[in-house]
Amino acid sequence: YKDDDRKEQLSTLHTLRQQAQKEESGDRYYAMSDFICPVDAGKKDYIGMFAVSAGFGLEELIAKYQADHDDYRSIMAKALADRLAEALAEKIHEEIRKVYWGYNSDEQLQANDLFSVKYPGIRPAPGYPSQ
């Protein structure tokens, strides 16, 4: 919306449902819209987002490696930037769950739990289905 009066809609945010196969057949496949209060509920609600990158300057570095015909370093630079961005997104998402929103402050999940989406809510990743 344009402002808190919510009379003028500026745009619509389209999201995907989770794509990862769930362990239980009755588990829901969430989308961000499942966590936003409907307009007709009469409550003001908000959506938060974050973006991460570990690729600033990466294109120039890759171009240098490719000019040097160093495919190994080119591939490794791309992979490292991807993994660093993914790790940062996981860390930020954990802090949001435990600290900033605090709805799961005593969470003690292991890596496999994160991969299996055992946390409440959703970690949206526009651009690719990481859930």
Side-chain angles (χ1 to χ4, degrees):
Y1 293 97
K2 182 177 180 180
D3 54 34
D4 264 353
D5 290 337
R6 298 172 187 248
K7 292 183 169 78
E8 184 179 340
Q9 183 175 330
L10 291 179
S11 63
T12 300
L13 178 63
H14 298 278
T15 65
L16 295 173
R17 294 218 163 263
Q18 292 173 312
Q19 302 296 304
Q21 185 68 36
K22 300 283 188 164
E23 290 181 13
E24 302 291 327
S25 62
D27 287 349
R28 292 190 58 187
Y29 289 83
Y30 290 109
M32 286 177 59
S33 59
D34 294 325
F35 299 93
I36 300 297
C37 193
V39 174
D40 58 6
K43 296 180 180 180
K44 292 181 180 178
D45 204 355
Y46 301 87
I47 189 167
M49 294 185 210
F50 63 86
V52 299
S53 176
F56 297 108
L58 182 64
E59 289 185 22
E60 293 83 1
L61 184 61
I62 290 169
K64 177 190 176 302
Y65 290 148
Q66 289 175 338
D68 293 342
H69 304 289
D70 192 341
D71 292 339
Y72 176 78
R73 287 185 183 197
S74 174
I75 291 167
M76 292 306 293
K78 292 175 196 176
L80 182 58
D82 178 72
R83 296 295 83 210
L84 286 172
E86 196 60 40
L88 180 56
E90 283 293 347
K91 181 61 178 166
I92 291 172
H93 186 229
E94 176 185 37
E95 287 193 19
I96 289 170
R97 290 191 316 272
K98 290 178 159 184
V99 179
Y100 298 106
W101 290 348
Y103 61 83
N104 214 15
S105 58
D106 60 344
E107 172 186 286
Q108 297 294 320
L109 297 177
Q110 302 299 315
N112 282 344
D113 297 328
L114 295 172
F115 299 143
S116 300
V117 193
K118 299 272 179 154
Y119 48 79
I122 188 172
R123 187 194 124 199
Y128 69 100
S130 71
Q131 306 133 48

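These numbers were taken from a predicted model, which means no experiment stands behind them.
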K.L.:
Can you name the closest pair of heavy atoms from Ala81 and Leu58 and give their distance?
P.N.:
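Closest pair (atom of Ala81, atom of Leu58, distance): CB-CD2, 3.7 Å.
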K.L.:
Please round to the nearest 0.5 Å and tell me the distance separating atom CG of Leu109 and atom CD of Glu90.
P.N.:
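Reported to 0.5 Å precision, the distance equals 10.0 Å.
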K.L.:
Heavy-atom count around Tyr46 OH within 6.0 Å, excluding the residue itself: above 12?
P.N.:
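Buried by this count: over 12 neighbours within 6.0 Å.
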K.L.:
When you compare the side chain of Asp113 with that of Gln110, does any pair of heavy atoms fall below 4.5 Å?
P.N.:
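Heavy-atom side-chain distance check passes, below 4.5 Å.
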K.L.:
Of all heavy-atom pairs between Asp5 and Asp3, which one has the smallest distance, and what is that distance?
P.N.:
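Residues Asp5 and Asp3, closest heavy atoms: N-OD1, 3.0 Å.
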K.L.:
How long is the span from the NE2 atom in His14 to the CE atom in Met32, to the nearest 0.5 Å?
P.N.:
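Separation between the atoms: 12.5 Å.
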K.L.:
Could you list the donor-acceptor pairs under 3.5 angstrom formed by side chains in residues 59-67, with sequence neighbours left out?
P.N.:
unit_1 : atom_1 : unit_2 : atom_2 : d
Lys64  : NZ     : Asp68  : OD2    : 3.2

K.L.:
Which heavy atom of Ala85 sits nearest to which heavy atom of Ala54, and what is that distance?
P.N.:
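Closest pair (atom of Ala85, atom of Ala54, distance): N-CB, 3.8 Å.
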K.L.:
Answer yes or no: are there more than 12 heavy-atom neighbours, outside Arg6 itself, under 6.0 Å from its atom CZ?
P.N.:
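Above 12, so yes.
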K.L.:
First locate atom OH of Tyr100, then atom OG of Ser105, and finally report the distance between them rounded to the nearest 0.5 Å.
P.N.:
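It comes to 14.5 Å.
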K.L.:
Quick test of your reading of the model: are Glu94 and Arg97 salt-bridged, counting only N-O distances below 4.0 Å?
P.N.:
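Salt bridge between Glu94 and Arg97, a charged N being under 4.0 Å from a carboxylate O: no.
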K.L.:
Connecting only ILVMFWY residues whose side-chain heavy atoms lie within less than 4.5 Å of each other, what is the rest of Leu80's hydrophobic cluster?
P.N.:
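Its cluster partners, ordered by chain and number, are Leu84.
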K.L.:
Name each donor-acceptor pair under 3.5 Å that joins a side chain in residues 34-42 to protein atoms two or more places apart or in another chain, with its distance.
P.N.:
unit_1 : atom_1 : unit_2 : atom_2 : d
Asp34  : OD1    : Arg17  : NH2    : 3.2
Asp34  : OD2    : Arg17  : NH1    : 2.5
Asp34  : OD2    : Ala31  : N      : 2.9

